[in-house]
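Structure first, then comments.
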Amino acid sequence: MNYRLWLFHPQLNTASSEFTHHSKGETPAMTIQSVFRRANQICNRELTRLEEAGLSIAIMYWGFMPTHYDNSMHRHSFFEACYVVDGEGAYIEQGKEYPLKKGTAFLSLPGVWHQIQSETGLTLVYAAFEVDEKHTRSPYLEAYRHLAEHGQPVVDGADEQPAGHLWDALISMFQTPKPALQPVLSHVSMSLMLSILSLHGTQQQDTPDAGTDAAAAEENSLFRQVKLFIDDNLGEELTLALVAGHLHISSRHLTRLFQANLSQSFVHYIQERRVRRASQLLLQSDLPVKDIASQCGFQSVHYFTRIFTRRLGVSPAKFRRSQFTEGRSGKEHFPPNMS
């Protein structure tokens, strides 16, 4: 493996899978497994929300995988940005296959079916995220909305771009036992989120058709209200008719909004949001599983366990114990509905 940022990175000895520190003192070498395990632990506990003036980003999960093989075809309601540190494979999206190699970045857009394949294994890092529309100003909202609609899925040579350098910088912070400073971690992570706009973005039209733009803006505003209402009421009973009634639209119109914006059903989206909220509570609180189930709107702890396990491939209790401590590797697709 050949990291681009030698300023930040010690040299990786690929034969022994160790990070070798070239210093006068004797510093124990760290394996890539231990570095990535530490990154998983810290990022998924401390970098769950990134803030700067006018922009708020919610992080669903970070992933640092020494060896990632195949996963099943799946989709999300959020962005998932991935970067290949080493290895070869393929990214499949909407029936099209893109080759993956060291230095390739790929971005799974909301609602888009996708899959990763690799026979030999990819050293892969990734972050799943979405913009918090309540606390984000219009220019950023429009930029990420444009990315969701027109983003370029795969970019080769990202290791020569700011996004690749920022991934390298983030990894470098976990290569020594010395604790990484939280402000530095947050700054690099936010810079990474912003760099994704330029890496995968396309040039917006300067003079869109006024009528089309106004209609699209109205639909976008309506769907934002739908998502905000759902997130604010995840602990309550949420039916298609109830949410549609709150927005003063028909159930059919609401169904069309979900298909047009996310290519998924209302029920699928509600379950995804509840599981996402539950996974955050499992990682960030000591609440009993039954209390988390209730707070996230599940009818019973048994129903919660069944849905959670079906969507993530692991029970809530096991997720809490090991999901972001050990990381996911080998052919254990854990969970299958994430990267």
Side-chain angles (χ1 to χ4, degrees), residues 1-15 17 19 32 35-36 39 43 50 57 59 62-71 76 78-110 112-129 143-144 146-175 185 187-204 338-339:
M1 193 184 308
N2 178 19
Y3 287 117
R4 305 300 302 179
L5 286 187
W6 299 109
L7 173 63
F8 294 105
H9 282 225
Q11 185 177 7
L12 176 65
N13 182 334
T14 55
S17 294
F19 290 97
I32 188 174
V35 171
F36 277 23
C43 289
L50 304 174
I57 292 180
I59 303 293
W62 294 90
F64 297 82
M65 291 284 296
T67 314
H68 188 295
Y69 292 92
D70 303 342
N71 62 11
H76 315 287
F78 42 80
F79 294 100
E80 188 177 60
C82 306
Y83 178 66
V84 180
V85 178
D86 202 7
E88 295 182 348
Y91 175 69
I92 302 169
E93 178 183 295
Q94 305 286 62
K96 184 174 181 180
E97 183 172 316
Y98 301 86
L100 298 178
K101 60 184 179 180
K102 182 174 64 177
T104 300
F106 56 104
L107 179 68
S108 301
L109 302 176
V112 174
W113 289 95
H114 61 276
Q115 181 181 18
I116 300 170
Q117 295 181 344
S118 177
E119 293 184 0
T120 56
L122 294 165
T123 301
L124 192 68
V125 292
Y126 50 88
F129 66 95
Y144 281 101
H146 185 81
L147 182 67
E149 295 174 356
H150 306 288
Q152 183 178 352
V154 177
V155 178
D156 290 326
D159 49 349
E160 300 287 354
Q161 301 294 323
H165 296 331
L166 287 163
W167 273 119
D168 286 340
L170 186 61
I171 294 170
S172 74
M173 296 180 190
F174 305 103
Q175 292 179 12
L185 280 174
H187 178 74
V188 171
S189 299
M190 177 57 89
S191 297
L192 175 63
M193 295 297 108
L194 290 169
S195 74
I196 289 167
L197 280 174
S198 59
L199 183 67
H200 293 279
T202 57
Q203 187 65 38
Q204 299 188 45
M338 290 184 184
S339 193

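The first residue of the sequence shown is numbered 1, and numbering continues consecutively from there.
- The 12-atom threshold is exceeded at CD of Q115, counting heavy atoms of other residues, nucleotides or ligands nearer than 6.0 Å.
- Atom CD of residue Q94 and atom CH2 of residue W113 lie 10.0 Å apart, to the nearest 0.5 angstrom.
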Assess whether side chain to side chain contact (heavy atoms under 4.5 Å, CB included) is satisfied between C43 and F174, documenting all intermediate values.
CA-CA 10 Å; C43 289; F174 305 103; 3.7 Å; yes

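- Atom CG of residue L100 and atom CG of residue L124 lie 8.0 Å apart, to the nearest 0.5 angstrom.
- The main-chain N or O of S118 is found under 3.5 Å from a side-chain atom of D70 such that the two form a donor-acceptor pair.
- Ring planes of H146 and H150: tilted class, angle from 30 to 60°.
- Counting only heavy atoms from C-beta outward, the side chains of L107 and L147 approach each other to under 4.5 Å.
- Listed for the H200 side chain is a donor-acceptor partner under 3.5 Å among the backbone atoms of Q152.
- Looking only at side-chain heavy atoms (C-beta outward), Y83 and L166 stay at 4.5 Å or farther from each other.
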Start with the C-alpha distance between I32 and V85, add both sets of side-chain angles, then the distance that settles side chain to side chain contact (heavy atoms under 4.5 Å, CB included), and finish with yes or no.
CA-CA 11 Å; I32 188 174; V85 178; 5.9 Å; no

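- Panel note: side chain T123, backbone P66; a donor-acceptor pair is recorded below 3.5 Å.
- Atom CD of Q161 and atom OG of S198 lie 7.5 Å apart (nearest 0.5 Å).
- Here CD of E80 is found 5.0 Å from NE2 of H114. Values are rounded to the nearest 0.5 Å.
- Using cut-offs of 30° and 60° on the angle between ring planes, the pair Y144 and F129 is perpendicular.
- Under the 4.5 Å side-chain criterion, counting only non-hydrogen atoms from C-beta, F79 is not in contact with I57.
- Between F106 and Y91, the ring-plane angle classifies as tilted under the 30° and 60° cut-offs.
- Summarising the geometry of D156 relative to P99, their closest heavy-atom pair is OD1-O, 4.3 Å, with the distance given to 0.1 Å.
- Atom CH2 of W167 sits about 13.0 Å away from atom OG of S172, to the nearest 0.5 Å.
- The side-chain heavy atoms of L185 and L170, taken from C-beta on, include a pair separated by under 4.5 Å.
- Y126 and C82 get closest at one heavy-atom pair: CB-SG, 3.6 Å.
- Contact check for H68 versus I116: side-chain heavy atoms found under the 4.5 Å cut-off.
- Rounding to the nearest 0.5 Å gives a distance of 7.0 Å between CE of M173 and OG of S189.
- Nearest heavy atom pair, residue V188 against residue A169, reads CG1-CB, 4.4 Å.
- The shortest heavy-atom contact between L199 and A158 is CD2-CB, 4.2 Å.
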